[in-house]
Structure formats: structure tokens, C-alpha cells
K.L.:
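Structure provided below as C-alpha cells; questions to follow.
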Amino acid sequence: MGVFCATNAMSLNGSGTLATTWSTLLERLTKRTDLHILTTPWWIGDLPIARNLRSSPAWCPACYVEWKEQGLPIYQPLLWMLQVVTTCPNHKRRLVERCPSCQGKQAVIASHKAHPGECTKCALWLGSEVHTSLEQTLDDELINWQEWVVSVLKELRTASLSSGVLSWKAFFTSLARGMERQKGYSQLARLTGIDRRSLYQWVWGTVTPSLELILKFCYVCDTTPMQIMANQWASLEQAIRDDPALRPSPYDRSPWQRVDIERCLGFLQSMLDGREQVLSVRQAAMRLKCAARILRLHFPLECEQVTQMYHEYRKQQKEKYVESVCEEVRNATVTLHTQGISPTRRCVAALLKDPDRIRMPEARRTWRDVRQGLGFTL
Ligand SMILES: [Zn+2]
Ligand SMILES: [Zn+2]
């Protein structure tokens with residue numbers, strides 16, 4: 001059971017047979033008949049779950065605190081399971097994916113030892129009101145985008161509650177008609193940064209885009225999936241008529257057509273695979289000649305991972321540097337001593353590549369330790 005929980009349980013919220021079996025079983029056990037609503041299809045319809053659900057839960061630490069204070073049960077809202085949702089709509093905070101103490105990802109079903117809201121690995125309470133230093137403040141564009149995402153998801157949920165699991169086929173069929181009427185493929189490709197071939201593949205049904213990409217497409221076109229499904233093309237047609245250069249893009253002011261989205265993703269992935277030297281998102285954006293905001297909006301997950309890798313890389317670099325300075329101090333101290341010269345701080349500093357290095361606390365500590373080891377008293 002333990003292994004199953006940690007690895008396979010994500011599919012419980014999904015649309016596979018496993019999810020159906022489990023909810024049927026749980027319904028029988030708990031005598032509740034509304035549990036099937038807790039499974040993801042009711043939110044995202046028949047889109048493939050693998051690319052739309054997180055591989056491990058994310059949470060809002062401020063929500064946990066609030067619920068605890070109000071004596072409410074602590075749980076994982078399904079909304080947080082969707083990759084496209086990256087912030088808490090109530091607290092405007094980025095959802096967290098790793099325990100701040102043990103850095104562990106969370107198991108979907110906690111073992112009986114962990115209480116809800118506690119890390120499933122180290123049992124730390126995951127609620128917190130204060131922002132950690134690693135949390136970036138969210139810019140307005142990200143907040144607007146996420147608010148829009150949540151409102152659209154609620155709309156989709158309401159629709160699926162009243163008329164059953166959504167089929168996205170209706171969306172793509174209607175989209176095809178909306179675009180065909182105005183020969184809109186090229187124009188929308190330019191506007192959204194999604195290439196024309198991909199748009200054709202969407203409507204032909206040869207490629208199913210992720211929920212995130214569908215929503216970004218709608219967001220930029222200033223329409224919603226429900227509007228498209230209802231053959232309401234007014235916003236879409238407006239987007240097709242508009243000159244993209246004149247249209248203020250919700251993502252960034254720089255013209256869309258200059259940003260090669262696939263190339264950006266390729267670059268981020270090559271850093272994550274270790275094929276490229278890891279850079280900060282800002283540096284990567286400079287290299288790609290686009291705004292960091294564009295990278296973060298199109299690829300929030302990848303950017304977050306790159307940022308984590310970059311922090312880790314910088315930490316390692318710093319540790320290596322500190323270690324090399326300590327080594328230098330150690331050698332200098334011992335050398336002076338073997339030459340019969342008293343290894344005073346000034347003499348040791350004079351032997352270093354940069355005398356100022358002796359001011360580093362670690363360097364001073366090493367100097368004191370080595371002197372003590374050589375029999376000097378402080
Ligand atoms: Zn929250
Ligand atoms: Zn932990």
C-alpha cells in the first residue's frame with residue numbers, strides 16, 4: 001500500500017479505470033454517491049490526465065493556516081492538482097511543491113502517521129503565513145492570468161456538473177469553424193505564439209494540446225472555452241481581425257511573432273537535462289532575447305525547476321569557493337610554520353591570491369583551527 005500511495009495514487013484523481021474503481025469502492029465504503037465528482041474529468045473533461053495533473057500535490061501554506069484557525073478540515077482541493085493552476089486564488093501566493101524542511105515532494109495519500117497538512121515525509125506542518133525568501137512576489141500579469149484560469153475552470157466545472165463530462169471535440173470543431181470563416185489560422189498563430197501547424201493539428205485531432213495551452217490560447221484571444229463551445233466567435237473574430245502589433249498582449253508588450261516558443265522550451269529543457277549550463281530564468285530570457293515574464297507565463301513549471309536548479313548550482317559554487325579558500329588558508333598557515341615564520345593573520349593573508357579572503361568567517365575559522373592544531377594558543 002505504501003508504495004502504491006507514493007507512486008500511483010496521482011491517477012486516482014484521473015480518468016483511468018483505476019479512478020473509477022476507487023471512487024466506486026469508496027462510495028460503497030462510505031455510502032456516498034457524490035464521490036465521482038471528486039475525480040478530475042469533471043473539471044477538465046476528456047483531456048489526457050498525464051499532461052494536466054501534477055505528479056505530486058502542491059499546496060497553499062496560507063490556506064492551511066486559515067483552515068486550521070477556523071477549525072475547518074485540511075484537505076487538498078482538486079484545483080491545486082492541475083498544472084495550469086500555479087497560484088492560490090485567495091492568497092495570491094505561488095503554490096508550494098516541496099516541503100520547506102526536507103525538500104520532499106508529498107505523497108498523494110498520506111500514510112496513517114502524517115496528519116493532513118503535515119509533510120508526508122518529515123511530518124512538518126506545511127502551513128505558513130509568512131512568505132519565505134525563495135518566494136518571488138507575483139507580478140500583476142501572472143495574478144490576472146491565474147484569476148482568469150480559476151474563473152474559467154469554475155465555468156467548466158459548472159458546465160460539466162450540469163451536462164456530464166465535457167468532450168473537447170466540440171471545442172475543436174467549433175474552433176475550426178470560427179477560424180475557417182475568417183481564415184484565421186495564420187493570424188491567431190501570430191497572436192498566440194502557437195504555430196499554425198499546431199493549430200491545424202488541434203482541430204484535425206492529431207494532437208491534443210494540454211489544458212494549459214488551450215487556456216492560454218483562449219486568454220490571448222480574449223475568449224473562453226465555453227464561448228467557443230457555444231459557437232460564440234465574436235471575441236475570436238475580433239482577435240483574428242486585430243493587428244497583433246496593435247493589440248496589447250496580456251503576456252508581454254513585445255511582439256509575439258518574435259518569440260519562438262518552441263525554441264524557448266527547448267532551451268529550458270536542455271538546462272534541466274544538463275545539456276546546457278544552468279542559468280537563472282532572467283539570464284535564459286536574455287539569451288533567448290525575450291522577456292523573463294514570457295518564459296514564466298508559458299512554462300511556469302520549467303521555470304520553477306530551472307530556478308531551483310540555479311539556486312542549487314549557486315549554492316554548490318559558493319561551497320566550492322569557500323572550500324578552496326579554506327584550503328588556501330590551510331596551506332599558507334602550514335607553509336609559514338614549516339619555514340619557521342609565525343603564521344599570523346597578516347602573514348597568512350599576504351600569501352593568499354586575494355588577501356581580503358582572510359576576512360571570510362570560514363577562512364578565519366580555518367586559520368584558527370590550523371594554528372591551534374600546530375600548538376599555537378589564541
Ligand atoms: Zn491560499
Ligand atoms: Zn518534510
Side-chain angles (χ1 to χ4, degrees), residues 1-10 13 38 40 42-44 52-158 211-212 215 296-297 300-301 303-305 307-309 311-312 315-316:
M1 186 64 189
V3 176
F4 169 80
C5 286
T7 56
N8 294 337
M10 241 15 226
N13 291 303
L38 297 175
T40 323
W42 293 91
W43 284 86
I44 67 168
N52 296 303
L53 237 55
R54 291 174 188 281
S55 58
S56 67
W59 66 94
C60 167
C63 277
Y64 278 175
V65 169
E66 215 170 274
W67 296 339
K68 194 177 194 179
E69 280 171 2
Q70 295 171 4
L72 298 169
I74 286 158
Y75 74 111
Q76 286 269 330
L78 262 179
L79 196 64
W80 295 352
M81 294 289 190
L82 295 174
Q83 286 193 3
V84 69
V85 177
T86 56
T87 63
C88 166
N90 298 330
H91 296 102
K92 314 276 178 278
R93 277 176 73 170
R94 220 174 260 281
L95 297 180
V96 180
E97 270 192 310
R98 284 180 183 275
C99 163
S101 170
C102 72
Q103 300 299 314
K105 292 197 169 190
Q106 303 301 301
V108 180
I109 297 176
S111 71
H112 58 281
K113 268 176 264 167
H115 298 103
E118 287 179 359
C119 174
T120 56
K121 301 225 165 85
C122 76
L124 179 89
W125 165 241
L126 294 174
S128 137
E129 274 169 305
V130 287
H131 289 221
T132 65
S133 56
L134 278 177
E135 273 183 65
Q136 306 123 315
T137 43
L138 305 181
D139 62 40
D140 291 345
E141 280 177 85
L142 181 55
I143 291 174
N144 291 344
W145 152 246
Q146 283 287 301
E147 277 175 352
W148 182 88
V149 164
V150 170
S151 71
V152 164
L153 289 171
K154 282 183 180 158
E155 204 177 68
L156 290 174
R157 182 166 165 271
T158 309
L211 178 67
E212 191 172 341
L215 293 189
R296 291 207 180 91
L297 274 162
L301 277 184
C303 285
E304 222 162 282
Q305 286 168 340
T307 304
Q308 271 178 15
M309 266 179 78
H311 281 308
E312 191 52 39
K315 210 175 109 197
Q316 281 172 5

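Just so you know, ligand 1 is whichever comes first in the structure, and atom 1 is the first atom listed for that ligand.
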K.L.:
Going by heavy atoms in the side chains, are W125 and I74 under 4.5 Å from each other?
P.N.:
yes
K.L.:
Calculate the angle formed at the Zn ion (ligand 2) by SG in C102 and SG in C122; 10° precision is enough.
P.N.:
110°
K.L.:
Restricting to N/O/S, name the atom of H91 that gets closest to the Zn ion (ligand 1).
P.N.:
ND1
K.L.:
Does the S56 side chain pair with the main chain of K105, one donor and one acceptor, at a distance under 3.5 Å?
P.N.:
no
K.L.:
Distance-only, no hydrogens or angles: does the Q146 side chain make a donor-acceptor pair with backbone N or O of V84 under 3.5 Å?
P.N.:
yes
K.L.:
Which heavy-atom pair separates A58 from Q76 by the least distance, and what is that distance?
P.N.:
O-OE1, 3.3 Å
K.L.:
Please state the angle at the Zn ion (ligand 1) spanned by SG of C63 and SG of C88: what is it, rounded to 10 degrees?
P.N.:
100°
